[in-house]
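Notes for the one structure printed next.
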Amino acid sequence: MEQKLFVYNTLFRKKELFEPLSPPHVGIYVCGPTVYSDVHLGNCRTFISFDLIFRYLTHLGYKVRYVRNVTDAGHLEGDGGDEGEDKIEKKAKLAQVEPMEIVQKYTIDFHDTMKVFNVLPPSIEPTATGHIIEQIELVQKILAAGFAYEINGSVYFDVEKYSKNHDYGILNRRNLEDMINNTRDLGGQDEKLGKLDFALWIKAKPEHLMKWPSPWSLGFPGWHLECSAMSNKYLGKQFDIHGGGIDLMPTHHTNEIAQSMASCEKIPAKYWIHTNMLTVNGQKMSKSLGNSFLPQQLFTGDHSLLNKGYTPMTVRFFMLQAHYRSTLDFSNEAMEASEKGFKRLLNAISILEGLQASADGEIDISPLQKRCYDAMNDDFNSPVLIAELFEAARIINSVKDGKLKIDAENLTLLRKLMKEFVEDVLGLKNEQLANNDLPKVMDMIVNLRNEAKSNKDYATSDKIRIGLQQIGFQLMDGKEGTSWNKI
RNA sequence: GGUCGGAUGGCCGAGUGGCUAGGCAGAGGUCUGCAAAACCUCCUACAGCGGUUCGAAUCCGCUUCCGACCUCCA
């Protein structure tokens, strides 16, 4: 099916028809995590959002190369601008371990977390430390083009010079004067010539552990450099989509564009997609504010802001119920609402498996299918898609209740629709069905109870039902027999 | 302080000029040994004040409140 997909491009602040540079191939680069601590739920939202985008593009038949980096070096602590200390190294000194030990620990944690959320792995996951040579080469190109200068073994990007014939604020829509005037004076001894200049290569202090030889000094790359070097290497000078959290847009992505323009006169990506923040009580979730929780805390409910735990798929569903460009506010009430809604959807899907077709159907699924595609084609509008899926759930339940008839053709289409959109596109799965022998055991208990019921021995049947309820299982008697659900 | 964005029913959250999503909660009903589920019906909101328009949650202006970025940040 041909689909016209529209995506919101931050570069032009509007939705645009998605036309890949060289179809059917699509290249996406997403800025990944800095692996110096556990990823919190806000970080997860971004990667779940891009997972949705990756999944949908793949579903549409594109051959997607999805590159998501891991920053394992060169990322500085904030309090001194480029004078700060490497985040990873700071942590390493604290724990008296090798920097790469920290990197390893939190990379594994990140991968585990992504897997729990059913986030598909990217096609390539390059690391900064694995691409030092490429980064040095890029610095050389920018120097050769005259947009950088070296001071005491460090190399800085010359924003003022670049701005003479380039629009530095093309992405963040701010003019140079504003940026210069409103840059906070951070007070540290700064060898940069211009306030907006940023480091491409930083000379390491003697005590610095992570450092590499370069033409300028024994040092390490500036943070913005890795994404330019690695996206160029794996996706080319120009590729289709560059993404990341919206907080990366004003500085990190602005500088990436400057680096690419300075070295090869090309804006690296055609479409810039930015995902919005997860908030708690209206404020951005972040480590520094202390309002972040780790996925594990969310699953167990072990956090002062949480009333109870929620499963990973419930959390994923909760996030997909909001559009990726909107802020999403976390609350227990909202989570509980999502938990119940998600359960309703899953319940309908399991009913769908056993549904019988009629010769004379009264419903046509194809308009519903079209609305599902329309929703996703409108800038990956998953909340609207989910609303349509609830319409599907209503149809499924009505057919089961015998209030609506569906023919074989439409039933097949409905099953295809639910499978493709719920599993493939939204990446939601039924966690309950995953592992065990529980269904067999439950079948036996249900049969025992039904025997009691047919003997009108309600004392026994209620004892079973209420007993199961107390340990977390709800029985439901219907026309087609008894079903059960975990509460 | 500067720049940008937001304010939707009890809660969450879609929606860029008329057709006024969806989920949760609440009310009533149907079904049912009971319970649960499901289905049907109801609850119809767009921060405030002006303006444009035949018509505005949606466009414009002002006001109030909130947030993000400007510094590492998904």
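As judged by a 4.0 angstrom heavy-atom cut-off over every strand, A:Asp462 is placed among the base-contacting residues. Counting non-hydrogen atoms under 4.0 angstrom, A:Lys453 reaches a base of the nucleic acid. Among the protein residues, A:Leu475 comes within range of the nucleic acid bases, having at least one heavy atom under 4.0 Å from a base atom. Residue A:Met277 is classed as a base contact, given a heavy-atom separation below 4.0 Å to a base. Counting non-hydrogen atoms under 4.0 angstrom, A:Ser398 reaches the backbone sugars and phosphates but no base. Base engagement by A:Pro383 is indicated by at least one non-hydrogen atom pair under 4.0 Å involving a base atom. Nucleic acid contact for A:Asn485: none, since no nucleic acid atom lies under 4.0 Å from a heavy atom of the residue. Contact annotation for A:Gly244: backbone-only contact, meaning every heavy-atom pair under 4.0 Å involves sugar-phosphate atoms and none involves a base. Among the protein residues, A:Ser326 comes within range of the sugar-phosphate backbone only, with heavy atoms under 4.0 Å from sugar or phosphate atoms but none that close to a base. Here A:His40 lies in heavy-atom contact (under 4.0 Å) with a base. Counting any heavy atom pair closer than 4.0 Å across all strands shown, A:Ala334 reaches sugar-phosphate atoms only and no base atom.
The distance between atom CG of A:Leu171 and atom P of B:U3, rounded to the nearest whole Å, is 19 Å. As rounded to whole Å, 14 Å separates atom C1' of B:G23 from atom CD of A:Glu336. Rounded to whole angstrom, the span from the CD1 atom of A:Ile351 across to the P atom of B:A36 amounts to 17 Å. Following rounding to the nearest Å, A:Tyr8 (OH) and B:U16 (P) show an atom-to-atom distance of 13 Å. Here B:A36 presents its P atom at 8 Å from CD of A:Gln469, a figure rounded to the nearest Å. The distance between atom CZ of A:Arg316 and atom P of B:A74, rounded to the nearest whole Å, is 20 Å. Atom CD1 in A:Ile395 sits roughly 10 Å away from atom P in B:C40 (whole-Å rounding). Between A:Asn455 atom CG and B:G33 atom C1' there is a gap of 14 Å when expressed in whole angstrom units.
When each of A:Leu328 and A:Leu278 is assigned the nucleotide of RNA chain B with its nearest heavy atom, A:Leu328 is the one assigned upstream, toward the 5' end. For A:Arg173 and A:Lys287, each mapped to the nucleotide of RNA chain B holding its nearest heavy atom, the one lying further toward the 5' end belongs to A:Arg173.
Applying the 4.0 Å criterion to OP1 and OP2 of B:C39, one finds that A:Arg344 has a side-chain N or O inside that range. Put simply, A:Asn381 has no side-chain N or O that comes within less than 4.0 Å of OP1 or OP2 on B:A14. Contact annotation: A:Lys340 reaches the phosphate of B:A25 (side-chain N/O to OP1 or OP2, under 4.0 Å). In terms of phosphate contacts, A:Ser483 brings no side-chain nitrogen or oxygen within less than 4.0 Å of OP1 or OP2 of B:A37. Between A:Lys284 and B:C69 there is a side-chain N or O to OP1 or OP2 distance below 4.0 Å. Side-chain N/O atoms of A:Asn397 include none lying less than 4.0 angstrom from OP1 or OP2 on B:A38. Applying the 4.0 Å criterion to OP1 and OP2 of B:G22, one finds that A:Arg394 has every side-chain N and O outside that range.
Closest contact between the side chain of A:Phe390 and the listed nucleotides B:G22, B:G33, B:A21 involves B:G22. If you check B:C70, B:C39, B:C12 against the side chain of A:Asp401, the one that comes closest is B:C39. In the set B:A14, B:A36, B:A68, the nucleotide with an atom closest to the side chain of A:Ala322 is B:A14. Listed nucleotides: B:G33, B:A68, B:U3. Nearest to the side chain of A:Asp178: B:U3. Of all nucleotides listed (B:G33, B:A74, B:G23), B:G23 comes nearest to the side chain of A:Gln321. Comparing B:A21, B:A74, B:C11 by their nearest atom to the side chain of A:Met285 picks out B:A74.
B:A57 and B:U41 have their P atoms separated by 26 Å, with the value rounded to a whole Å. Annotation: B:G9 and B:A21 have their C1' atoms spaced 13 Å apart (nearest Å). Rounded to the nearest Å, the gap between the P atom of B:C59 and that of B:A37 is 41 Å. Separation of the C1' atoms belonging to B:A7 and B:C46 is 10 Å when rounded to the nearest angstrom. Rounded to whole Å, the C1' atom of B:C65 lies 34 Å from the corresponding atom of B:A27. Using atom P as the reference point in both B:U52 and B:A45, the two lie 25 Å apart (nearest Å). B:G26 and B:G10 have their C1' atoms separated by 8 Å, with the value rounded to a whole Å. The P atoms of B:U63 and B:G1 are separated by 14 Å, rounded to the nearest whole Å.
A distance below 6.0 Å separates the ring centres of A:Phe293 and A:Phe330. Taking the ring centroids of A:Phe12 and A:Tyr271, they lie at or beyond the 6.0 Å cut-off. For A:Phe117 and A:Phe299, the gap between ring centers is short of 6.0 Å.
A:Met335 has its side chain out of reach of A:Asn307: every pair of non-hydrogen atoms, C-beta onward, lies at least 4.5 Å apart.
Base pairing of B:A14: no nucleotide in any strand meets the Watson-Crick or G-U wobble criterion (both distances under 3.5 Å). The base-pairing partner of B:A38, taking Watson-Crick or G-U wobble contacts with both distances under 3.5 Å, is B:U30. Shown here, B:C49 forms a base pair with B:G61; the pair counts as Watson-Crick or G-U wobble because both key distances fall under 3.5 Å. Nucleotide B:C70 has B:G1 as its partner under the Watson-Crick or G-U criteria, with both atom distances under 3.5 Å.
Between the side chain of A:Arg174 and the base of B:C4, no donor-acceptor pair of N or O atoms lies under 3.5 Å.
Using cut-offs of 30° and 60° for the angle between ring planes, the A:Tyr168 and A:Tyr162 rings count as perpendicular. Taking the six-membered ring for Trp and thresholds of 30 and 60 degrees, A:His224 and A:His252 have ring planes inclined between 30 and 60 degrees apart.
Closest approach of A:Cys44 to A:Met114, counting heavy atoms only: SG-CE, 4.1 Å.
Between the side-chain ring of A:Phe47 and the base of B:A74, no stacking contact exists by the 5.5 Å and 30° definition.
Remark: side-chain polar atoms of A:Asn118 are paired, donor with acceptor, to backbone N or O of A:Gly427 under 3.5 angstrom.
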(request) Begin with the C-alpha distance, continue with both residues' side-chain angles, and end with the deciding distance and a verdict on salt bridge (charged side-chain N to carboxylate O under 4.0 Å, His left out) for A:Asp374 and A:Arg371. (result) CA-CA 5 Å; A:Asp374 286 348; A:Arg371 291 200 302 275; over 6 Å; no

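With A:Tyr8 as the aromatic partner, A:Arg325 meets the cation-pi criteria of under 6.0 angstrom to the ring centre and within 45 degrees of the ring axis.
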